[in-house]
Novice: 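Sharing a structure below in structure tokens format, with a few things to ask.
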Amino acid sequence: MEWLTAPFEVAFVQRALWAGVLVSAICALAGTWVVLRGMAFLGDAMSHGLLPGVAIAALLGGNPLVGAVVSAAVMTAGVTALGRTPRLSQDTGIGLLFVGMLSLGVIIVSRSQSFAVDLTGFLFGDVLAVRESDLLLLAVALLLALVVSMLGHRAFLALAFDDRKAETLGLRPRVAHAVLLGLLALAIVATFHIVGTLLVLGLLIAPPAAALPWARGVRGVMALAALLGAISTFGGLLLSWHLSTAAGATVSALAVSLFFLSHLASAIRHRRRTHPPRPAALPVNAPTTRPNDI
């Protein structure tokens, strides 16, 4: 069993594992609502919309995380404002913000000749370079995500299934939607430097989507998604160590693979329930039991 434990005897792999577990829990809290509300495109747009803030912060010698927070706030405010425009669909508004923010980020990056390495880190992250301060930051982000999820659970649940019912119940769906966007932004900002913006959607969407056919209730989906994300992290780091592949990409790929396996198993289970095996037919000359024989 040395091949199973050897990678995790190294300190930086241990930190990567803890970081992945924390990221999985954060993404499970936010990603469940992303899956239930069909907001995958919004998550993709918000993750790429961080680029201008990160680029400006890096060029000015500041903290890229602060720039990511500013960009996430701009994206959240923009999506909320455009969502209230009656003649503009939400997807159109998100697409415009996505293209606009990404284009602005590329323009800023193109002004620098030495930004390629930082841009690669922004896109793909580096889970093996996690520091103890990063773990503390992720723990604080997880605590905040838990508080927001608990306080907003009822409003988020009503919003996910019927906006009008949420309005009738006095749950203020517009405010709930803005808070939900903030939760999504928190998950992306807190995790992008670990797995990168291109790979964060793997942990944000795949584990909740994989948990959906098996869990009962939203909280069950969140718990199972966090477990599947942790399994993906452990397995991805293990495979990355032995196969010499990119750690973040391997974790994300394994999470997506678990999604396909989950839905394949769910389809097989559903087919067996709807089409149970028929009992074997008796031979023509087989003796039959009559009521008088009993």
Side-chain angles (χ1 to χ4, degrees), residues 12 15-31 34 42-79 97-98 101-102 104-109 111-112 114-149 178-204 229 233 246-249 251-252:
F12 68 84
R15 290 194 296 269
L17 178 61
W18 280 110
V21 171
L22 292 172
V23 167
S24 298
I26 297 170
C27 288
L29 293 172
V34 170
L42 174 59
D44 189 23
M46 291 194 69
S47 63
H48 288 80
L50 302 183
L51 181 56
V54 173
I56 293 174
L59 292 176
L60 296 179
N63 190 341
L65 190 61
V66 176
V69 171
V70 174
S71 285
V74 171
M75 285 291 295
T76 302
V79 170
L97 282 171
F98 177 23
M101 293 290 283
L102 186 59
L104 178 60
V106 172
I107 290 172
I108 296 172
V109 170
R111 296 289 299 172
S112 173
S114 59
F115 198 71
V117 175
D118 294 331
L119 180 59
T120 301
F122 170 77
L123 293 175
F124 301 105
D126 190 358
V127 68
L128 296 178
V130 174
R131 300 166 296 181
E132 292 184 0
S133 58
D134 295 324
L135 294 178
L136 179 60
L137 177 64
L138 289 173
V140 172
L142 175 58
L143 180 61
L144 183 57
L146 278 171
V147 172
V148 173
S149 298
V179 175
L180 185 56
L181 291 180
L183 178 61
L184 176 59
L186 171 66
I188 294 173
V189 169
T191 60
F192 84 94
H193 65 295
I194 304 297
V195 293
T197 58
L198 289 179
L199 304 177
V200 69
L201 287 178
L203 291 177
L204 192 66
T233 300
V251 170
S252 183

Novice: Show the nearest heavy-atom pair for residues Val127 and Gly248, with the distance to one decimal.
Specialist: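 The answer is CG1-N, 3.9 Å.
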Novice: Set out, in order, the CA-CA distance, both residues' side-chain angles and the distance that settles side-chain contact (heavy atoms from CB on, under 4.5 Å) for Leu181 and Val79, then state yes or no.
Specialist: CA-CA 9 Å; Leu181 291 180; Val79 170; 3.8 Å; yes
Novice: Residues two or more places apart in sequence or in another chain: which of them pass side-chain contact (heavy atoms from CB on, under 4.5 Å) with Leu137?
Specialist: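 If we apply the side-chain contact (heavy atoms from CB on, under 4.5 Å) test to Leu137, skipping adjacent residues, the hits are Leu65, His193.
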Novice: Enter the distance from Leu204:CG to Ser24:OG here, rounded to the nearest 0.5 Å.
Specialist: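 The OG atom of Ser24 is 11.0 Å from CG of Leu204, to the nearest 0.5 Å.
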Novice: Ignoring hydrogens, what is the shortest heavy-atom contact between Ala185 and Ala72? Give both atom names and the distance.
Specialist: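 Answer, listing the atom of Ala185 first, then Ala72: CB-CB, 3.9 Å.
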Novice: Is there a side-chain contact between Leu50 and Phe192, using heavy atoms and a 4.5 Å cut-off?
Specialist: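 They are in side-chain contact.
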Novice: Is any side-chain heavy atom of Thr233 less than 4.5 Å from a side-chain heavy atom of Leu17?
Specialist: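 Yes. Closest side-chain heavy atoms under 4.5 Å.
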Novice: Look up atom CD1 in Ile107 and atom CG in Leu102, then write down how far apart they are to the nearest 0.5 Å.
Specialist: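 Between atom CD1 of Ile107 and atom CG of Leu102 there are 10.0 Å.
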Novice: Do Met75 and Met101 come close enough that some side-chain heavy atom pair is under 4.5 Å?
Specialist: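 A side-chain contact under 4.5 Å exists here.
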Novice: Apply side-chain contact (heavy atoms from CB on, under 4.5 Å) to Ala28 and list each qualifying residue two or more places apart in sequence or on a separate chain.
Specialist: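 By the side-chain contact (heavy atoms from CB on, under 4.5 Å) rule, Ala28 matches Ala225, Ala226.
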Novice: Over all heavy atoms of both residues, which pair between Leu184 and Ala30 is shortest? Give the atoms and the distance, please.
Specialist: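 Looking at all heavy atoms of both residues, the shortest contact is CA-CB, 4.3 Å.
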Novice: About how many Å separate CD1 of Ile194 and CG of Asp126, when rounded to the nearest 0.5 Å?
Specialist: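 That separation rounds to 9.0 Å.
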Novice: Nearest 0.5 Å, what's the CG-CG distance between Asp134 and Leu22?
Specialist: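 Going from the CG atom of Asp134 to the CG atom of Leu22 covers 11.0 Å.
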Novice: In chain order, what residues pass the side-chain contact (heavy atoms from CB on, under 4.5 Å) check against Ala141, with sequence neighbours excluded?
Specialist: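 Per chain and number, Ala141 pairs via side-chain contact (heavy atoms from CB on, under 4.5 Å) with Ile26, Leu186, Ala190.
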Novice: When you measure from the side chain of Arg15 to the backbone N and O of Arg131, does any donor-acceptor pair fall under 3.5 Å?
Specialist: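 No, the answer is negative, given that no donor and acceptor are paired below the 3.5 Å cut-off.
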Novice: If you compare all heavy atoms of Ala247 against all heavy atoms of Leu128, which two are closest, and at what distance to 0.1 Å?
Specialist: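 Minimum heavy-atom separation between Ala247 and Leu128: CB-CG, 3.9 Å.
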Novice: Just to verify, what does Ser149 make a side-chain contact (heavy atoms from CB on, under 4.5 Å) with, not counting sequence neighbours?
Specialist: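 Only Leu29, Leu183 meet the side-chain contact (heavy atoms from CB on, under 4.5 Å) criterion with Ser149.
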Novice: Nearest 0.5 Å, please: how far is CG in Leu201 from OG in Ser252?
Specialist: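 Between atom OG of Ser252 and atom CG of Leu201 there are 8.5 Å.
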Novice: Does Ser47 use its side chain to pair, donor to acceptor, with the backbone of Asp44 at less than 3.5 Å?
Specialist: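 Pair found, side chain donor or acceptor close to backbone of Asp44.
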Novice: Give the minimum heavy-atom separation between Gly53 and Ser71, together with the two atoms involved.
Specialist: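 Of all heavy-atom pairs spanning Gly53 and Ser71, the closest is N-OG, 2.7 Å.
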Novice: What's the shortest heavy-atom distance between Val54 and Pro64, and which atoms?
Specialist: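 Looking at all heavy atoms of both residues, the closest pair is CG2-O, 3.8 Å.
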